Asks: 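Below: one structure in structure tokens.
What you see is a predicted model; the values in this text were computed from it and never measured. Heavy-atom basis, side chains included; hydrogens, waters and symmetry copies ignored. By convention here, the first residue in the shown sequence is residue 1.
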Amino acid sequence: MEQRIGSSSKPVEGEPVTGAGFDPAFIPGITGPAAKSQPEPEPEPESESEPTAPAPAEEPKAETAEAPAEPEEEKEAPEGGPVFEASDRRAKFVADHRGVRLSLDEEKCEFRWNEIAAVETESPRFGKRFTITVHTPDRRWYPIEIEATARARFKEWEDELDAVLDAYFEEA
């Protein structure tokens with residue numbers, strides 16, 4: 001009889017390894033490990049010895065009783081509230097009651113008002129690129145440049161953005 005030390009017929013069981021080496025979408029601190037796919041439990045087979053009773057009749061529900069759910073933020077939108085929108089062929093900046101949305105080409109990001117520490121604007125001395133930077137409480141910033149049709153738009157954009165910030169942005 002021969003016995004081997006250090007090898008067994010059972011695989012080693014333990015906590016699964018997680019992290020970027022096994023999940024390329026894993027970013028520590030931002031995303032959690034990928035959800036484990038749990039096998040669905042098989043339904044229990046019905047016993048043939050039990051008689052099957054007919055299900056009680058249900059009253060028909062009116063289709064208008066339940067409207068499709070809208071996000072709460074949409075319902076809170078004040079009528080005629082200030083909105084700021086500036087865009088060019090590639091970039092777009094929108095600030096309204098929901099928060100701030102930035103987009104550049106196919107990339108998009110959205111910030112609710114409670115996720116914003118500051119909004120900064122910068123107009124260049126020369127040129128027509130207006131820069132808007134969104135700062136977050138964790139000291140990150142997201143700048144976007146929008147090309148204006150004329151330098152005169154800078155003052156107009158600053159005034160419109162100030163109206164939105166005054167209405168919705170609360171400094172802590």
Side-chain angles (χ1 to χ4, degrees), residues 14-40 60-172:
E15 195 169 312
V17 180
T18 60
F22 295 91
D23 183 6
F26 177 76
I27 301 170
I30 295 178
T31 60
K36 299 176 188 176
S37 58
Q38 298 285 340
E40 294 185 22
K61 295 181 181 178
E63 290 183 22
T64 58
E66 291 184 32
E70 294 181 18
E72 285 184 27
E73 295 173 38
E74 290 293 327
K75 293 178 183 177
E76 295 176 6
E79 295 222 7
V83 175
F84 171 71
E85 184 173 336
S87 63
D88 64 10
R89 59 185 166 76
R90 294 185 60 204
K92 184 175 183 178
F93 180 92
V94 178
D96 59 12
H97 69 281
R98 294 184 344 203
V100 172
R101 290 175 299 287
L102 307 171
S103 62
L104 179 65
D105 295 330
E106 299 299 317
E107 301 298 320
K108 297 178 183 190
C109 62
E110 183 171 341
F111 303 95
R112 294 184 307 263
W113 288 113
N114 63 349
E115 298 174 321
I116 298 173
V119 177
E120 177 184 21
T121 61
E122 182 181 347
S123 50
R125 189 169 185 184
F126 303 105
K128 296 189 281 185
R129 291 205 168 267
F130 186 71
T131 304
I132 303 171
T133 306
V134 176
H135 295 269
T136 61
D138 60 351
R139 296 184 181 182
R140 293 181 186 259
W141 61 92
Y142 301 87
I144 190 162
E145 288 185 338
I146 299 173
E147 189 170 343
T149 53
R151 290 184 51 82
R153 297 286 316 254
F154 293 166
K155 176 71 173 132
E156 178 185 328
W157 284 350
E158 294 249 358
D159 293 341
E160 289 178 15
L161 183 56
D162 281 344
V164 172
L165 293 174
D166 289 342
Y168 304 118
F169 183 64
E170 296 177 11
E171 291 189 48

Asks: Tell me the closest heavy-atom pair linking H135 and W141, and the distance in Å.
Replies: ND1-CB, 3.5 Å
Asks: Could you measure the distance from the OG1 atom of T121 to the CZ atom of F154? Nearest 0.5 Å is fine.
Replies: 10.5 Å
Asks: I need the minimum non-hydrogen distance between A148 and R153, along with the two atoms involved.
Replies: CB-CB, 4.1 Å
Asks: Tell me if the aromatic rings of F93 and F130 count as close, with their centers under 6.0 Å from one another.
Replies: no
Asks: For the CZ atom of R89 and the CD atom of E147, what is their distance to the nearest 0.5 Å?
Replies: 6.0 Å
Asks: Could you state the interatomic distance from CG (L165) to CD (E170), rounded to the nearest 0.5 Å?
Replies: 12.0 Å
Asks: Rounded to the nearest 0.5 Å, how far apart are CZ of R151 and CZ of R125?
Replies: 10.0 Å
Asks: How far apart are the C-alpha atoms of E110 and R98, what are their side-chain angles, what is the distance that settles it, and do they pass the side chain to side chain contact (heavy atoms under 4.5 Å, CB included) test?
Replies: CA-CA 9 Å; E110 183 171 341; R98 294 184 344 203; 4.2 Å; yes
Asks: Minimum heavy-atom separation for R90 and D105, please, with both atom names.
Replies: NH2-OD2, 2.6 Å
Asks: How far apart are the closest heavy atoms of A117 and F169, and which atoms are they?
Replies: O-CZ, 3.3 Å
Asks: Got a donor-acceptor contact below 3.5 angstrom from the W113 side chain to the D96 backbone?
Replies: yes
Asks: Looking only at heavy atoms, what is the nearest atom pair of I132 and F84, with distance?
Replies: CD1-CE2, 3.9 Å
Asks: I'd like to know whether K108 forms a side chain to side chain contact (heavy atoms under 4.5 Å, CB included) with R101, so could you lay out the CA-CA distance, the side-chain angles of the two residues, the decisive distance to 0.1 Å, and finally the verdict.
Replies: CA-CA 7 Å; K108 297 178 183 190; R101 290 175 299 287; over 6 Å; no
Asks: Apply side chain to side chain contact (heavy atoms under 4.5 Å, CB included) to L102 and F111, showing your working.
Replies: CA-CA 9 Å; L102 307 171; F111 303 95; 4.0 Å; yes
Asks: Salt-bridged, K155 to E158, with N to O below 4.0 Å?
Replies: no
Asks: For P82 and A163, work out which heavy atoms get closest and say how close.
Replies: CG-O, 3.8 Å
Asks: Run the side chain to side chain contact (heavy atoms under 4.5 Å, CB included) test against A91 and tell me which residues pass, sequence neighbours left out.
Replies: D88, L104, I144, I146
